[in-house]
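Below: one structure, written as C-alpha cells.
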Amino acid sequence: MSIAPPPKTVLLTGGLGYIGSHTALALHEAGWRVVLLDNLANASRAVLGRLEAITGAPFPFYEADVRDRAAVEAVLKGEGVQAVVHFAGAKAVGESSADPLSYFDNNVGGAVALLQAMAAANVRQFVFSSSATVYGTPKYLPYDEAHPTAAINPYGRTKLHIEEILQDLAASDDRWRIAALRYFNPVGAHDSGLIGDDPNGIPNNLMPYVMRVAAGQLEVLSVFGTDYDTKDGTGVRDYIHVVDLAEGHVAALEALQPGRALGESPFEVVNLGSGVGHSVLELVKAFERASNRPVPWKAAPRRAGDLPEYFAEPSKAKALLKWEAKRSLEAMCASSWAFQSRQAEG
Ligand code: WQD
C-alpha cells in the first residue's frame, strides 16, 4: 500500500486579509497545509475562526509583521514551510501619495525582510501579490505582460520595485522559483458568505461601496467621472472574482513545483484578470439585479490618478498555469451581496 507524501506547507503573509483568506481556503482545498501570518493592521482575527468554520480544520496563525525577520524565520523553520505567498502590504492608492515613506517601509521593506528570512530558512518558492497598476497609462490595451511598466503612484511604485527586486534576486541565485501575479480588480466573496471584502471605514473601492449603498449603510454612490471616452462614459475595469483569483494562486504555486511549467524558471510575471472590461454603471446595474436592491448614484468629478479604462490579456496564465477566470460579473455581485447581507445579520 503506497503511503501518501505529507502535504506541502505554505505560509501566507497577510493571510487573514481579503485575498489572503480566500487563497487560504483554495490552497487547503487543494491539499496544502496552510500557515497564516498577519499583523492585523487591515484584517480581523475573527477571520481565522471563519476559515476554520468553513473547512473544519485549524489553521496555524502567527500575529507578526513581515518586517520582523527573526519572527518570520522562526515560523518558516518551526512550521517546515516550503513555499510563501506574499499578500501582506498596504494597498490604498490615495493614502500612498499622502504617506509614501510608510508604503516603501511596509511594502518594499517588508518584502526584503521576508525574502531575507526565507533565504536564511532555505525556502525559495515565492508567489508575489503584484498589481496591474504597474502598467501605468496604457500604451495599448488589453495589457499583456510585455506591456511597458511605469508606476503612476507610490503604491504602484512599491509593487514595481518589488518585482524588480525579485528579478535581481532570481538572477543572482537560480534556486529561486518566483511568480509575480499582476491582479486586476478583485471583487466578490466565498460562497459561504462568511468572508469577503470588508474594509475599515468608508471604502475606497467601488464594489464594497456599492454593497453598503445597497444595504442602506451609505446613501448614494458617487460615480467618479461620467465623461470618459468609454462605452458609457464611466470608468472601465477588469473585475475578477476573488475565488477565481485565489484559484490562480493555487495554479501558480503548483506550477512552481519541480517538473511543472515554472519548475525551471526562476522568475515569471503573469496577469490574473478576466480579459473583459466592465464599466461602473454596468457593475451597478448587475449589482441591482443580483441584490434586487436599488443602488442610487450621482455623477461626481473624476478621481485623481484614475485611468479611463484597462483590462487584461489573460492568455499567458491560461497557457502556463492552465488557469482562467470562470465566474461572471453577476456571480461577483451575488456573492458580494450574500456576504454583505450576512455581515448585516451579525
Ligand atoms: C474602480 C472604478 C473608479 C469608487 C484599485 C487599485 C488597484 C487595485 C484595485 C490593489 C474606477 C470607480 C470607485 C467609487 C467610483 N488594488 N469608482 N466610485 O482604482 O480600478 O483599482 O483597486 O491592487 O491597484 O488602484 O479600483 O474599485 O477604486 O475603482 O466611481 O466610490 O470605479 O473611478 O473607474 P481601481 P476602484
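Atoms within each ligand, like the ligands themselves, are counted from 1 in listed order. Positions are given from 1 along the sequence.
Between His147 and Tyr135, the two ring planes are perpendicular [angle over 60°; tilted spans 30° to 60°]. Using the six-membered ring where Trp is involved, Phe128 and Phe126 have ring planes that are parallel, under 30° apart on the 30 and 60° scheme. A tilted orientation is assigned to the rings of His28 and Phe59, their planes being inclined by 30° to 60°.
The existence of a salt bridge linking Asp38 and Arg45 is excluded, since no basic side-chain nitrogen approaches an acidic carboxylate oxygen closer than 4.0 Å.
The protein residues lying under 4.0 angstrom from ligand 1, judged by non-hydrogen atoms, are Val93, Ser131, Thr133, Tyr155, Asn185, Asn204, Asn205, Leu206, Leu221, Ser222, Val223, Phe224, Gly235, Arg237, Tyr239, Val280, Arg303, Asp306, Tyr310.
Between the Glu313 side chain and the Ser315 main chain, a donor and an acceptor come within less than 3.5 Å of each other. Listed for the Arg182 side chain is no donor-acceptor partner under 3.5 Å among the backbone atoms of Gly273.
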